[in-house]
Protein chains: 2
Amino acid sequence: MTRLFDQPDDFAADSAVGFVAASSRWVRPVSGGVVRSTRGADPTVAVVIGGGSGHYPAFAGLVGPGLAHGAVMGNLFASPSAHQVHAVATAAHEGRGVLLSYGNYAGDVLHFSRAQERLRAAGIDCRTVTVTDDISSAPASEHRNRRGIAGDLVVFKIAGGAAEEGMSLDDVERVAVLANERTRSLGVAFSGCTLPGAEEPLFTVPEGRMAVGLGIHGEPGIDEVDVPTATGLAELFVSSLLAEVPDGVDVAGARVVPILNGLGSVKYEELYVVYAAVDRLLSEAGLTVVSPEVGEFCTSFDMAGVSLTLLWLDEELERLWHVPCDTPAYRRGAVGGRIARDSVLLAPEDEVVIGPASEASRRAAATIGRALDDIAHMLHAQAEELGRLDRIAGDGDHGIGMQRGSRAASAAAATAIAAGAGARTALHRAGDAWADQGGGTSGAIWGEMLGALGAALGDDAVVDAAAVGGGIVRMKEAVMSYGKATVGDKTMIDAIVPFADRLRARLSAGDDLTVAWADAAETASVAARATATLTARLGRARSHGDRSLGTPDPGAISFALITHTVHHILEGDD
Amino acid sequence: MTRLFDQPDDFAADSAVGFVAASSRWVRPVSGGVVRSTRGADPTVAVVIGGGSGHYPAFAGLVGPGLAHGAVMGNLFASPSAHQVHAVATAAHEGRGVLLSYGNYAGDVLHFSRAQERLRAAGIDCRTVTVTDDISSAPASEHRNRRGIAGDLVVFKIAGGAAEEGMSLDDVERVAVLANERTRSLGVAFSGCTLPGAEEPLFTVPEGRMAVGLGIHGEPGIDEVDVPTATGLAELFVSSLLAEVPDGVDVAGARVVPILNGLGSVKYEELYVVYAAVDRLLSEAGLTVVSPEVGEFCTSFDMAGVSLTLLWLDEELERLWHVPCDTPAYRRGAVGGRIARDSVLLAPEDEVVIGPASEASRRAAATIGRALDDIAHMLHAQAEELGRLDRIAGDGDHGIGMQRGSRAASAAAATAIAAGAGARTALHRAGDAWADQGGGTSGAIWGEMLGALGAALGDDAVVDAAAVGGGIVRMKEAVMSYGKATVGDKTMIDAIVPFADRLRARLSAGDDLTVAWADAAETASVAARATATLTARLGRARSHGDRSLGTPDPGAISFALITHTVHHILEGDD
């Protein structure tokens, strides 16, 4: 468990301060993360990586010559925001384009994709290669949907080596795609980590049992078996990975890099015992082992887990795997002379000037501020339960993400309102803050939703029932266009679509806002109850390895809770 | 806990196989450990480090250009034997002398000192610098008695850098001594590791509490407090270390290297949160922080613990700290061109030729073989209880060490006896095997004792009562000259001295061997009971931090158990 912190909420920020203080030889802080503190003689493509905190050395520990140019540092197990990705990429850019690379998780995809749009809009050529190495997270036929685990290191290292060699963005992207296609991993776990300030571990595995295929945030595995011997585990790893050889690879005489990764508290001597058997089995299968790695490359705090990654080399990948690099946590060979980077372009903070607003819009903003404050208090109280539900189907970060995001949103709105903001500006700032601090998919979506609502309400217009109804429809549309889910996918969409539709229908029928809202909120609650029921069933089915129930996320539940909170505000205003 | 292994007894050996397979870029296996797989253009002083396994990257992970030349790899938490140290040092030697460096533990001191004698006898100039950085293990006035923890890295790195620069053995020794004098550490822990196959952790700390000053094997701490905040822990570390500034250092303007070391499951983000406060506090105290290290440099399997080390630099130490190095676990800067070391001198295994022996001596050897077999079975059954007693006062390895050592001794004797060995040869081989496999202080002492007994009995003489009595006196003298303890120090000496004296007195008075032995064994039991009583009292006093009771080791208890086992053999032979 994680025991050492000052304020649990400040953990990721405090850790980043310590990391930067200890690592000034390699990195320099910028808004949203870190970039290299040195540069080479000639500009190169910038490789920008990132994701949630809690996986050190992923991601910031891999920034330095020969590897990444910058890392975006999200909150604990939460994606950084698009704003943060944009800021780090802008600071890392050397004029030859940016490759974004990160593990394939919904929240990261949302935020990094949005940042890519912004970078391209600013004239910076930007490409993306997501890492999808975990064979347990989807069948081979859907390998693009797989999540990224310790294979991150491979894709980052190959891309970083290619950039170091001076390759163009086209070529850096090409070899990164190839590296990802040639990389496969499988992980197992014995116990989950306990996040700072949390009461319980993210997951537990019964004594003497081992979960197969667990993700790095405690996402459910695909099987549970008795703890095997070290050799038994090596056999499971090697046979599973050899059952899925990448296209175009001839196993006979193939050259592979094995990476045996400890997730946190499976320690070095234990890893080496497993590696002894892995090495033997790979050789017996006719493979040539090249430059193996045994250690901690992608952790999950002190989770007791271990994964094996295989990189199937070709000549180019082998050369790039061996390019020297020098980062806080991963070093290889001799890196050529570097120059201190005196003037890293620090990404400018958003300006905090508040534009003009009508008196009517300021009054609406005050109501919005009260609503956000109530929402933040409600989500603080519900965070534990939302996290519990999310742990059954997902990675358990929904509660803490909603808690952080709503608190940040409420604070940002309050600041803006005190400075005279209207509805649009208050909601816009609240949305940005929610996305930055809440992280993950839910942070991204709530950021978009508040922004869309604000755009609909403006800073001048009177905010009447019709305006609210229209704004909620815009919110719904923003969610639909941002994510890819539709009604029935067990996400927040299941709640917001009937909510928005019912609200508009009741308002069109002439109901007043409070009455219409109450009815619409009840339809959201229907979706929330369905999610809760499904989650409970999943929790019971999970011990049997039954994955047919899908993976409900509690977004519908928190959405319904928020609509009810807002209803109380509306009632009070009546 | 440690979950992945094939046979717990083979854990250290299996781990070494995996380590060597994964690390051939840096190391090559030799009898007893590893040496570098490359060499520089010119020969240098050889820095040979080592100790028990379970502390990776200490020790084998630190072998490579710019750091150590070889590492002796003992069993889990057990010193390697003198034979192993000698073999690794011989293989690592490049013709310019050997510096032995290791943490200051009794077992290591015994074995490495004996190896040093043998190296010097073979004409190899050899010096020793033990690491004594842990300020909690003895007061400043007795700093030479302190144990070594994460400060190991500092002394090894400085010595390795000095050798890399081509310094003479005199100078390498000088800077290593200076580095040790300038290095101070303090550690804390929240929970102990569980060794492979063990039922329970080596120690526990109550939930919400933190042990201050724990060693890396779970040796008792000096205090127990509530778990502090990260800043609170940083304050404890910094204030404790600044209260003991090395002689000749002016705090104002001093330059220090801080090393924040995780023992196993206090993970990276958590370490960085603590480091943020450490860095701030050091700066506030007017110190200049140089090249800090935050990570895992000396672990204890998955022990939840953390230590802070400060190296107080002078100009020479700062230069040597920054000498490039390249090892499996610690790399810095660019190491110059290396040549594959094609023909590492592999230390020859002991010859297994059995010399001539009389029929009478062979009969005695057969009895000795049966006794060793019974002893091994008895110690196997008692290992858990001996370990439990040792955990109260020491590091808990006595049971497992005696179990391993006696089993190896019995097997070695059986092989020798089957090949026609007499008493001397059988005991000599048994003793060497006990020292190699048992490790630690007890392994060294039992190795010496069996060897001394064998020397007294010879391979020709009839083994009668007088010969046994004389041999036991030689055993006693071997122990007395080997260690530094005397009667009353709560060690095995408390049992063997009265045992040997009583046996000789009874034999001189005309008693037959079996009767005299029974009486002598009873005197050993008196010492054993006193040790057990004292240990129980210590266990009760420990929670109050009372250290006035001394630290009894269970050596007297196992000695008494062995005398009784031998008595049964003698009775059976009557």
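Naming convention: chains lettered A, B, ... in sequence-line order (proteins, then strands); numbering from 1 in each chain.
A side chain to side chain donor-acceptor pair (under 3.5 Å) check over residues 301-310 of chain B, counting only residues at least two apart or in different chains, returns the pairs B:Ser185-B:Thr309.
Contact annotation for B:Val20: neither backbone nor side-chain heavy atoms come within less than 4.5 Å of a heavy atom of chain A. Interface remark: A:Ser191 contributes side-chain atoms only to the contact with chain B (heavy atom separation under 4.5 Å). Using a 4.5 Å cut-off between heavy atoms, A:Asp279 touches chain B through its side chain atoms alone. Using a 4.5 Å cut-off between heavy atoms, B:Ser24 makes no contact with chain A at all. Interface remark: B:Thr299 contributes side-chain atoms only to the contact with chain A (heavy atom separation under 4.5 Å). For B:Val227, the part lying near chain A is the side chain, with the backbone staying farther off; criterion is any non-hydrogen pair under 4.5 Å. Contact annotation for A:Val306: only side-chain heavy atoms (C-beta onward) come within less than 4.5 Å of a heavy atom of chain B.
Atom CD of A:Glu284 has more than 12 heavy atoms from other residues, nucleotides or ligands within 6.0 Å. For A:Gln7, the CD atom counts as loosely surrounded, since its 6.0 Å shell holds 12 or fewer non-hydrogen atoms of other residues, nucleotides or ligands.
Using a distance-only test at 3.5 Å, with no hydrogens or angles considered, a donor-acceptor pair links the side chain of B:Asp6 to the main chain of A:Ala230.
The most heavy-atom pairs under 4.5 Å with chain B, out of A:Glu270, A:Met303, A:Arg331, come from A:Glu270. Put simply, of A:Leu4, A:Thr229, A:Val266, the one with the most heavy-atom pairs under 4.5 Å next to chain B is A:Leu4. In terms of non-hydrogen atom pairs under 4.5 Å with chain B, the most contact-rich of A:Ala21, A:Ser291, A:Ala276, A:Ser15 is A:Ser15. Note on B:Val294, B:Thr231, B:Asp10: by heavy-atom pairs under 4.5 Å with chain A, the leading option is B:Thr231.
Looking at heavy atoms from C-beta onward, B:Arg25 lies in side-chain contact with A:Pro292 at the 4.5 angstrom threshold. Contact check for A:Arg3 versus B:Met210: no side-chain heavy atoms found under the 4.5 Å cut-off.
Across all their heavy atoms, B:Lys267 and A:Gly264 have their closest contact at NZ-O, 3.0 Å. Across all their heavy atoms, B:Glu269 and A:His55 have their closest contact at OE2-N, 3.1 Å.
Partners of A:Tyr56 by ring pair (Phe, Tyr, Trp, His ring centres under 6.0 Å), not counting sequence neighbours, listed by chain and number: A:Phe19, B:Tyr268, B:Tyr272.
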